[in-house]
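Step one of this worksheet: look at the structure below.
Model, not experiment: these values are computed from the prediction. Order of appearance sets the numbers: ligands from 1, and atoms from 1 within every ligand.
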Amino acid sequence: MSLEGTILRIERSSIHDGEGLRTVIFLKGCPLRCAWCSTPEGQAEEIESAGGKTYGSVMTVDELMTEVVKDEVFFFHSSGGITFSGGEPLQQADFVAEVLRRTQMLGINTAMESSLCFPFSELEKVLPHLNILFADLKHIDSERHRDLVGTDNRFIMDNIRRVAAADYPLELIVRIPLIPGVNDDDETMHKMGEFLGSLRNLSSVELLPYHRLGVSTYNNLGMDYRLPDIKVPSSSHMKTRREIISSYVEAVQ
Ligand code: SF4
(Lines give C-alpha, C1' and ligand atoms only; values in the text may rest on other atoms or scores of the structure.)
Protein backbone atom coordinates (compact mmCIF):
# COMPACT_ATOMS: atom_id res chain seq x y z
CA MET A 1 0.00 0.00 0.00
CA SER A 2 1.25 3.48 -0.88
CA LEU A 3 2.32 5.59 2.13
CA GLU A 4 0.14 8.60 2.93
CA GLY A 5 1.16 12.12 3.93
CA THR A 6 -0.70 15.23 5.03
CA ILE A 7 0.00 18.05 2.58
CA LEU A 8 -0.72 21.70 3.36
CA ARG A 9 -0.40 22.95 -0.23
CA ILE A 10 1.69 22.69 -3.37
CA GLU A 11 3.17 25.83 -4.96
CA ARG A 12 4.56 25.63 -8.48
CA SER A 13 7.25 27.64 -10.30
CA SER A 14 8.93 29.02 -7.18
CA ILE A 15 12.34 30.55 -7.81
CA HIS A 16 13.34 30.32 -4.15
CA ASP A 17 14.21 27.18 -2.21
CA GLY A 18 16.66 25.62 -4.63
CA GLU A 19 18.00 25.80 -8.17
CA GLY A 20 15.75 26.53 -11.17
CA LEU A 21 11.97 26.39 -11.02
CA ARG A 22 10.76 24.53 -7.94
CA THR A 23 7.55 22.81 -7.02
CA VAL A 24 7.37 23.42 -3.29
CA ILE A 25 5.41 20.87 -1.27
CA PHE A 26 4.37 22.27 2.10
CA LEU A 27 3.52 19.61 4.68
CA LYS A 28 1.33 19.76 7.77
CA GLY A 29 2.77 19.24 11.23
CA CYS A 30 5.66 20.82 13.12
CA PRO A 31 6.93 20.20 16.68
CA LEU A 32 8.11 23.82 17.04
CA ARG A 33 6.16 27.01 17.70
CA CYS A 34 8.38 29.81 16.40
CA ALA A 35 7.13 33.19 17.56
CA TRP A 36 7.64 34.57 14.01
CA CYS A 37 6.19 31.57 12.11
CA SER A 38 4.74 32.70 8.78
CA THR A 39 2.98 29.37 8.19
CA PRO A 40 0.87 28.86 11.33
CA GLU A 41 -1.52 26.73 9.27
CA GLY A 42 1.35 24.25 8.90
CA GLN A 43 1.91 23.71 12.62
CA ALA A 44 -0.87 21.22 13.44
CA GLU A 45 -0.58 17.87 11.66
CA GLU A 46 -4.32 17.39 11.43
CA ILE A 47 -6.40 19.02 8.71
CA GLU A 48 -8.00 22.29 9.94
CA SER A 49 -10.97 24.32 8.78
CA ALA A 50 -11.56 27.96 9.70
CA GLY A 51 -13.18 31.03 8.12
CA GLY A 52 -14.40 29.04 5.12
CA LYS A 53 -10.93 27.69 4.39
CA THR A 54 -9.58 24.16 4.75
CA TYR A 55 -5.90 23.73 5.49
CA GLY A 56 -4.48 20.43 4.33
CA SER A 57 -5.34 17.21 2.52
CA VAL A 58 -4.16 13.61 2.64
CA MET A 59 -2.29 12.24 -0.39
CA THR A 60 -0.61 8.95 -1.12
CA VAL A 61 2.93 8.81 -2.51
CA ASP A 62 1.46 7.80 -5.89
CA GLU A 63 -0.90 10.79 -5.89
CA LEU A 64 1.88 13.21 -4.97
CA MET A 65 4.18 11.73 -7.64
CA THR A 66 1.42 12.40 -10.20
CA GLU A 67 1.59 16.09 -9.17
CA VAL A 68 5.40 16.11 -9.28
CA VAL A 69 5.71 14.77 -12.83
CA LYS A 70 3.28 17.40 -14.15
CA ASP A 71 6.15 19.91 -13.86
CA GLU A 72 8.83 17.62 -15.29
CA VAL A 73 9.34 19.69 -18.44
CA PHE A 74 9.93 22.87 -16.38
CA PHE A 75 12.41 21.05 -14.16
CA PHE A 76 14.45 19.86 -17.11
CA HIS A 77 14.53 23.26 -18.84
CA SER A 78 15.45 25.17 -15.66
CA SER A 79 17.52 22.56 -13.74
CA GLY A 80 14.79 22.80 -11.12
CA GLY A 81 13.06 20.23 -9.00
CA ILE A 82 10.96 19.71 -5.90
CA THR A 83 11.43 21.17 -2.42
CA PHE A 84 9.75 19.89 0.71
CA SER A 85 8.91 22.58 3.23
CA GLY A 86 6.49 22.94 6.08
CA GLY A 87 5.40 22.65 8.67
CA GLU A 88 8.25 20.26 9.19
CA PRO A 89 9.00 17.55 6.60
CA LEU A 90 10.80 15.32 9.12
CA GLN A 91 7.53 14.87 11.01
CA GLN A 92 6.54 12.66 8.03
CA ALA A 93 10.02 11.34 7.27
CA ASP A 94 9.01 7.95 5.79
CA PHE A 95 6.58 9.55 3.38
CA VAL A 96 9.03 12.30 2.40
CA ALA A 97 11.90 9.82 1.93
CA GLU A 98 9.83 7.71 -0.45
CA VAL A 99 8.75 10.71 -2.57
CA LEU A 100 12.33 12.00 -2.67
CA ARG A 101 13.65 8.57 -3.66
CA ARG A 102 11.18 8.20 -6.51
CA THR A 103 11.75 11.79 -7.66
CA GLN A 104 15.52 11.33 -7.82
CA MET A 105 15.02 8.11 -9.78
CA LEU A 106 13.33 10.27 -12.44
CA GLY A 107 16.45 12.46 -12.57
CA ILE A 108 14.72 15.39 -10.84
CA ASN A 109 16.60 17.53 -8.31
CA THR A 110 15.38 17.29 -4.69
CA ALA A 111 15.58 19.69 -1.76
CA MET A 112 14.17 19.92 1.74
CA GLU A 113 13.86 22.81 4.16
CA SER A 114 13.86 21.64 7.77
CA SER A 115 14.25 22.84 11.33
CA LEU A 116 16.17 19.54 11.91
CA CYS A 117 14.58 19.37 15.35
CA PHE A 118 14.35 15.57 15.28
CA PRO A 119 16.62 12.65 16.23
CA PHE A 120 19.24 11.88 13.57
CA SER A 121 17.50 8.53 12.92
CA GLU A 122 14.64 10.46 11.21
CA LEU A 123 16.94 12.76 9.26
CA GLU A 124 18.97 9.76 8.11
CA LYS A 125 15.93 8.42 6.23
CA VAL A 126 15.88 11.35 3.80
CA LEU A 127 19.58 12.26 3.45
CA PRO A 128 20.45 9.68 0.75
CA HIS A 129 17.69 11.09 -1.47
CA LEU A 130 18.47 14.81 -1.20
CA ASN A 131 20.47 17.12 -3.46
CA ILE A 132 20.02 20.18 -1.23
CA LEU A 133 19.33 20.44 2.49
CA PHE A 134 18.25 23.83 3.84
CA ALA A 135 18.77 23.70 7.60
CA ASP A 136 17.23 26.47 9.72
CA LEU A 137 19.32 27.86 12.56
CA LYS A 138 17.09 30.06 14.68
CA HIS A 139 19.19 30.78 17.76
CA ILE A 140 22.59 29.62 18.95
CA ASP A 141 21.70 29.90 22.66
CA SER A 142 19.77 26.80 23.70
CA GLU A 143 17.76 28.45 26.50
CA ARG A 144 16.83 31.40 24.32
CA HIS A 145 15.89 28.93 21.61
CA ARG A 146 13.54 27.19 24.04
CA ASP A 147 11.89 30.51 24.96
CA LEU A 148 11.35 31.42 21.31
CA VAL A 149 10.29 28.15 19.71
CA GLY A 150 9.42 25.80 22.55
CA THR A 151 12.38 23.38 22.52
CA ASP A 152 16.14 23.66 23.00
CA ASN A 153 18.45 23.50 19.99
CA ARG A 154 20.40 20.30 20.79
CA PHE A 155 18.97 18.13 17.99
CA ILE A 156 19.41 20.98 15.52
CA MET A 157 23.06 21.71 16.34
CA ASP A 158 23.91 18.01 16.50
CA ASN A 159 22.21 17.28 13.16
CA ILE A 160 23.92 20.19 11.40
CA ARG A 161 27.31 19.04 12.77
CA ARG A 162 26.69 15.44 11.70
CA VAL A 163 25.61 16.30 8.16
CA ALA A 164 28.51 18.73 7.73
CA ALA A 165 31.02 16.17 9.02
CA ALA A 166 29.81 13.38 6.72
CA ASP A 167 30.20 13.08 2.97
CA TYR A 168 26.61 12.96 1.79
CA PRO A 169 26.37 14.00 -1.87
CA LEU A 170 24.29 17.06 -1.07
CA GLU A 171 24.62 20.80 -0.60
CA LEU A 172 24.14 21.91 3.00
CA ILE A 173 22.78 25.45 3.16
CA VAL A 174 22.10 26.93 6.61
CA ARG A 175 19.34 29.53 6.77
CA ILE A 176 19.10 32.05 9.58
CA PRO A 177 15.75 33.83 9.90
CA LEU A 178 16.87 37.26 11.05
CA ILE A 179 14.41 38.55 13.65
CA PRO A 180 15.19 42.08 14.90
CA GLY A 181 15.71 42.23 18.65
CA VAL A 182 15.45 38.43 18.91
CA ASN A 183 18.52 36.86 17.29
CA ASP A 184 20.32 39.67 15.45
CA ASP A 185 22.60 41.25 18.11
CA ASP A 186 26.36 41.30 17.47
CA GLU A 187 27.18 38.67 20.09
CA THR A 188 24.62 36.19 18.74
CA MET A 189 25.75 36.78 15.16
CA HIS A 190 29.39 36.19 16.08
CA LYS A 191 28.52 32.99 17.95
CA MET A 192 26.51 31.74 14.97
CA GLY A 193 29.39 32.67 12.68
CA GLU A 194 31.89 30.77 14.84
CA PHE A 195 29.71 27.68 14.82
CA LEU A 196 29.10 27.85 11.07
CA GLY A 197 32.77 28.55 10.37
CA SER A 198 33.70 25.34 12.19
CA LEU A 199 31.68 23.13 9.79
CA ARG A 200 33.59 21.15 7.17
CA ASN A 201 30.97 20.60 4.43
CA LEU A 202 28.92 23.79 4.44
CA SER A 203 27.93 25.12 1.02
CA SER A 204 26.58 28.50 2.07
CA VAL A 205 24.64 30.52 4.63
CA GLU A 206 21.51 32.54 3.86
CA LEU A 207 20.19 35.30 6.10
CA LEU A 208 16.44 35.63 5.62
CA PRO A 209 14.90 38.94 6.74
CA TYR A 210 11.90 38.78 9.08
CA HIS A 211 8.63 39.44 7.27
CA ARG A 212 5.00 39.64 8.30
CA LEU A 213 3.44 37.37 5.68
CA GLY A 214 1.04 34.97 7.31
CA VAL A 215 -0.13 37.31 10.09
CA SER A 216 -3.71 37.31 8.72
CA THR A 217 -3.76 33.51 8.93
CA TYR A 218 -3.25 33.77 12.71
CA ASN A 219 -6.47 35.77 12.88
CA ASN A 220 -8.29 33.27 10.72
CA LEU A 221 -7.19 30.37 12.93
CA GLY A 222 -7.88 32.28 16.17
CA MET A 223 -4.19 32.17 17.15
CA ASP A 224 -2.16 34.94 18.84
CA TYR A 225 0.75 36.48 16.92
CA ARG A 226 3.47 36.83 19.54
CA LEU A 227 5.63 39.49 17.84
CA PRO A 228 3.16 42.23 16.90
CA ASP A 229 5.65 45.10 17.27
CA ILE A 230 8.67 43.85 15.37
CA LYS A 231 9.64 45.80 12.28
CA VAL A 232 11.06 44.35 9.06
CA PRO A 233 14.88 44.83 9.11
CA SER A 234 16.38 47.44 6.76
CA SER A 235 18.70 46.43 3.94
CA SER A 236 21.61 48.23 5.67
CA HIS A 237 20.99 46.21 8.84
CA MET A 238 20.90 42.99 6.81
CA LYS A 239 24.20 44.04 5.23
CA THR A 240 25.97 44.51 8.56
CA ARG A 241 24.62 41.14 9.83
CA ARG A 242 25.88 39.43 6.65
CA GLU A 243 29.28 41.06 7.13
CA ILE A 244 29.61 39.49 10.57
CA ILE A 245 28.78 36.00 9.28
CA SER A 246 31.10 36.60 6.29
CA SER A 247 34.02 36.99 8.68
CA TYR A 248 33.62 33.26 9.47
CA VAL A 249 32.05 31.75 6.34
CA GLU A 250 32.98 32.35 2.69
CA ALA A 251 29.58 32.05 0.96
CA VAL A 252 26.93 34.22 2.61
CA GLN A 253 23.78 35.53 0.94
S1 SF4 B 1 9.80 25.47 12.26
FE2 SF4 B 1 8.83 26.56 10.56
S3 SF4 B 1 6.71 25.76 10.45
FE4 SF4 B 1 7.56 25.15 12.43
S5 SF4 B 1 6.84 26.76 13.82
FE6 SF4 B 1 8.91 27.33 13.13
S7 SF4 B 1 8.61 28.64 11.35
FE8 SF4 B 1 6.65 27.56 11.73
>> Tell me whether ligand 1 is touched by Gly42 - counting only heavy atoms on the residue side and a distance under 4.0 Å.
In response: no
>> Under 4.0 Å from a heavy atom of Gln43: which atoms of ligand 1 are those, numbered in the order shown and with their elements?
In response: 5 (S)
> Any non-hydrogen atom of Glu88 lying under 4.0 Å from ligand 1?
Replying inline: no
>> Heavy-atom count check: over 12 atoms from other residues, nucleotides or ligands less than 6.0 Å from Ile15 CD1?
In response: no
> Among protein heavy atoms, which sits nearest to atom 8 (Fe) of ligand 1, and what does the distance come to when rounded to 0.1 Å?
Replying inline: Cys37 SG, 2.3 Å
>> With no hydrogens and no angle check, just 3.5 Å: does a side-chain donor-acceptor pair link Glu88 and Ser115?
In response: yes
> What's the shortest heavy-atom distance between Lys28 and Glu46, and which atoms?
Replying inline: CE-O, 2.9 Å
> Has Arg154 got more than 12 heavy atoms of other residues, nucleotides or ligands less than 6.0 Å from its CZ?
Replying inline: no
>> How close do Asp184 and Arg241 get, counting heavy atoms only, and between which atoms?
In response: O-NH1, 2.8 Å
>> Can a donor-acceptor pair be found, under 3.5 Å and without considering hydrogens, that links the side chain of Asn159 to the backbone of Leu116?
In response: yes
>> For Lys138, which part has a heavy atom under 4.0 Å from ligand 1: side chain, backbone, both, or neither?
In response: side chain
> Would you say Cys30 has an N, O or S atom lying under 2.8 Å from atom 4 (Fe) of ligand 1?
Replying inline: yes
> Can you tell me if an N/O/S atom from Cys34 lies under 2.8 Å from atom 8 (Fe) of ligand 1?
Replying inline: no
> Would you say Thr39 touches ligand 1, if touching means a heavy atom closer than 4.0 Å?
Replying inline: no
